[in-house]
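Naming convention: chains lettered A, B, ... in sequence-line order (proteins, then strands); numbering from 1 in each chain. In what follows, every heavy atom counts, from backbone to side chain, and hydrogens, waters and symmetry copies are set aside.
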Amino acid sequence: MTRYLVTSALPYANGPIHFGHVAGAYLPADVYVRTLRMLGEDVLYVCGTDEHGVAITINAEKAGQEYGEYVKHWHADIKQTFDELGIEFDVFSGTSQCAQHVETSQEFFTQLDANGFLEKRTTEQLFCPKDEMFLADRYVVGTCYSCGKPGARGDECPSCGTWIDPLQLTEPACKLCGTTPERKATTHWYLDLPKLRDAKIGDWIQNHEWKPNVAAFIQNLLDDVPQRAITRDMRWGVPVPSEVSGDEQDKVLYVWFDAPIGYVSFTKELMAARGTPDAWKDWWQSPDTRLVHFIGKDNIPFHCLVFPSMLYGVQQDYVMPWQVPANEFYNLAGGKFSTSEGRTLDLDTFFETYDREVTRFYILSTLPETADAEFNLDNLVTLNNAALAGNLGNLITRVLKFIAKNNDNQVPQLTEAHREQYDTMMLTDCGEIGDPAEWVTQYRFRKAAETLIANASVANVFMQRTEPWALRKTDPEAAASALNTLCEYIHWLARWMVPFLPNKAQALWEMLGRPGKVADQPWPGVPQRATWRSFEGGEALGEPAALFPRMDAPVAADA
RNA sequence: GGCGAGGUAGCUCAGUUGGUUAGAGCACAGGCUUCAUAAGCCUGGGGUCGCGGGUUCAAGUCCCGCCCUCGCUACCA
C-alpha cells in the first residue's frame, strides 16, 4: 500500500519562526497531511529543529547559555508557534535531542565513505591560538579583499556580496577574541557530488518530474557541482565516527550534512516510542513510500541534489524524493521577513488581535506557490470580512439561526416531492466548482482555499433563490425541504473545512449536532445526488454562533 | 559579481502546450432582497497585459535589447 512520508524543512533553532517560514514549508504540508488522512491515506509527518552549526554556537555564547539549553529554548518557542497555527506533526524532535540522531548520521557518513563517495583532504585554515580552535566560517571577520571594506565574514562580504575565501582576508581576526589567527593544516572529508551525479543522481534529476518553479531552479544545478566539505573543526555537532576519523580530533559533521538525516532519525525515534523500532524501514526503505519534502526555494539544492545523493550513496535502498513542492518567498508587506532586521511580527501580540485560524486561512490564500507573495494586514482583514464572515460564516448563521427560530432548532424535514429539484439546484453549480482536495493533492493550496469559498457561495445563491423566509408562508413543506438541503450542504462544508480551518470546522460540526471529531470523518469529495444526504430530519442542532466575527480595518502601520 | 523571480484592471493576483470580444476576488456604480455577522443575490463600468524591436495567419504567452522591483548566493522557509 502506498505510504506518504511528508517532511517540512527543519527550522533552525536560532530564533523565532515567522510567517515566511510558516508559508514556505509548514502550513502547506499540514493541509496536505490533513487532507490525505481524510482521504484514507497512510501518512507520516516528520519534522524537528536543526540544532547544530556555527550560527547557534556563536549566538548561544553571546547569550551566555549552554548550547543545549539555547537550542531547547528555541525549540520550545518554535513548537509553540506551530501549535498556535494548528500545525500538527507526528513527531517534532531536534537534531541534538533525538537519541537516534548521532548513530544514524554516523552510519550515513561511514557508508558513504565505504562506498567511495567521500574524499579526505588536507588544507590550510585559520586557527585562533588564543581560543585554540579553527575559525570556521563566521568565526572569522576581516577586511574584504574585493571591495576593501571592513566587516567581511569568513564566508561572505555583506558589503559587496563576494564569496570570501577566509585565507585571503585582509587583516583577519577571530570573532570571539579579536586575535589575529594563524594558518594551520587541517583534514576534512568531502562529499563527492560529481561522482554521485555521474553514478545516478544526474539522470534521476533529469528524468524526474518537478514542480515548474523547482525545475527552473535546478536546471543549471548539475553542470557545475563541486565536492562539498561535510566536516568542521568544532565540538558542537555529531562527531565524525571514530572508525573513519582515525587520529583526527574534534571534528563534527557539517550541519547541512546531519540536518536532513534528522528526517530519518526522527522517524526512528517515533517508531521506537511506538514500540516498533524497525518500522521506520517501512517508510524510508520501501518502494511503496512517496517521500514529499515541503521546503522554501532556498532549500531546493539540498533536497533535490544533496540529500538525494546521500540517500542514494549509502546504498541501502532508501527512497528518493517523490515530490519537492518548494514555495517561493513570503514577504512582509514591502520587504522580507527578517529577524535580524526587525522586520517581523510579534506573534504573541498578533494573535491577541487576530484569530489564529483566520490567519492560517489568509496565509493559505496568499501562499507564494509560483512567485514571491506578501503578507498584508489590510488584505487579511478584507479576506476575513468578505470571504469568511460575509460568505462562509454568514451562510452558516443565516441558515442555522433561521432554523433555531422557526423550526425549534431541529433539522427540517425533506419532502420527497422537492428532493430532485433541490438536489439539482444545489449540486449543479457545486459540481462545476469541484473538490478542494483535488487542488491540495496538486499542491495548489491557494486554489483549494478559493474553491472552498466558492462552494460556500453556491449555498448563498441557493438560499437567495429559494427564499425560505417567504416560502414558509406559502408552502411550508418546500421551505423545510430547502432548509434541509442547506443543512446537508453545510454538513458537507464542515468536512471540507477541516484541512484549512480545523477548529472552526469542529465548532461547526458541533453546531450541526454531530458527535465526535469531524477530522475523523472520511473526506466527502464532491456531493453525489444519490448519496449525499444523511439527515433524517428532526435531529437536534447545536447552538448557532458566528464563527468568523468581522474585523475592523487595521490602524495604519507606523512603518 | 553569479543565479533566479516578477512587472496584467484602483488594490491583491489567475492566465495550461501562442488561437475566438484578456479573467477572479476586493474596491466602485446601479438594481433586488430582508433569513443573516450593515451580511446575501443580480447587473455594470474599468486594462494599447513595463518599454522597443522581431518570429508568426495569430503573442500577455516564443526570441533579442532596454528600464524598474525583489529575492537567493549554500548556516533565516
* Asked: Looking at residues at least two apart in the chain, or sitting in another chain, which of them share a side-chain hydrogen bond (donor to acceptor under 3.5 Å, both in side chains) with A:Ser365?
  -> none

* **Gap in Å between the two P atoms, one belonging to B:C63 and one to B:U56, rounded** => 16 Å

* Find the distance A:Leu364:CG to B:A77:P and express it as a whole number of Å. => 20 Å

* If the P atom of B:A27 is compared with that of B:A38, how far apart are they to the nearest Å? -> 15 Å

* **Separation of the C1' atoms in B:G6 and B:A14, to the nearest angstrom** => 15 Å

* To do: Using the ring pair (Phe, Tyr, Trp, His ring centres under 6.0 Å) rule, collect all pairs that involve residues 455-482 of chain A, keeping only residues at least two apart or in two chains.
  => A:Tyr422-A:Phe462

* To do: Using the side-chain contact (heavy atoms from CB on, under 4.5 Å) rule, take A:Val399 and A:Phe402 through it: C-alpha gap first, then chi angles, then the decisive distance, then the call.
  => CA-CA 5 Å; A:Val399 171; A:Phe402 189 90; 5.9 Å; no

* Heavy atoms under 4.0 Å is the rule here; annotate nucleotides 32-40 of chain B 5' to 3' with B where the base is hit, S where only the sugar-phosphate is, and - elsewhere. => -SSBBB-SB

* Structure fact -> A:Asn299 CG to B:U73 C1', in whole Å, measures 13 Å

Anything under 3.5 Å between a protein N or O and an N or O of nucleotides 10-14 of chain B, put it in a table, one pair a line.
{"from": "B:C13", "atom 1": "O2'", "to": "A:Arg446", "atom 2": "NH2", "distance (Å)": "3.3"}
{"from": "B:A14", "atom 1": "OP1", "to": "A:Thr370", "atom 2": "OG1", "distance (Å)": "3.1"}

* If you measure from the C1' atom in B:G31 to the same atom in B:U17, how many Å do you get, rounded? -> 43 Å

* Asked: Can you tell me which stems RNA chain B forms when a stem means 3 or more consecutive Watson-Crick or G-U pairs under 3.5 Å?
  -> B:1-7 with B:67-73, B:10-13 with B:23-26, B:28-32 with B:40-44, B:50-54 with B:62-66

* Report the residues that fulfil side-chain hydrogen bond (donor to acceptor under 3.5 Å, both in side chains) with A:Asn385, sequence neighbours left out, ordered by chain and then residue number. => none

* Between B:U16 and B:A29, how far apart are the P atoms? Round to whole Å, please. => 34 Å

* Any donor-acceptor N/O pair, A:Glu357 side chain to A:Lys504 backbone, under 3.5 Å -> yes

* Sequence neighbours left out, what passes side-chain contact (heavy atoms from CB on, under 4.5 Å) with A:Val252? Give chain and number order. => A:Arg232, A:Met234

* To do: Determine the interatomic distance between C1' on B:G15 and the same-named atom on B:G25; round to the nearest Å.
  => 15 Å

* List in chain and number order the residues that pass side-chain contact (heavy atoms from CB on, under 4.5 Å) with A:Ala387, two or more places apart in sequence or in another chain; answer none if no residue qualifies. => A:Leu383, A:Ile453

* Asked: Expressed in angstrom and rounded to an integer, what is the separation of A:Leu380 atom CG from B:G25 atom C1'?
  -> 15 Å

* Does B:A74 have OP1 or OP2 sitting under 4.0 Å from an N or O in the side chain of A:Trp256? -> no

* Nearest-Å distance, CD1 (A:Ile230) to C1' (B:A74)? -> 15 Å

* **Partners meeting side-chain contact (heavy atoms from CB on, under 4.5 Å) with A:Ala507 (sequence neighbours left out)** => A:Leu547

* To do: Just jot down the side-chain contact (heavy atoms from CB on, under 4.5 Å) partners of A:Ala494, sequence neighbours excluded, or say none.
  => A:Leu508, A:Trp509, A:Leu512

* To do: Kindly state each residue pair satisfying salt bridge (charged side-chain N to carboxylate O under 4.0 Å, His left out) with at least one member in residues 438-447 of chain A, sequence neighbours excluded.
  => A:Lys447-A:Glu450

* To do: Please identify each residue that fulfils side-chain hydrogen bond (donor to acceptor under 3.5 Å, both in side chains) with A:Gln323, with sequence neighbours left out.
  => none

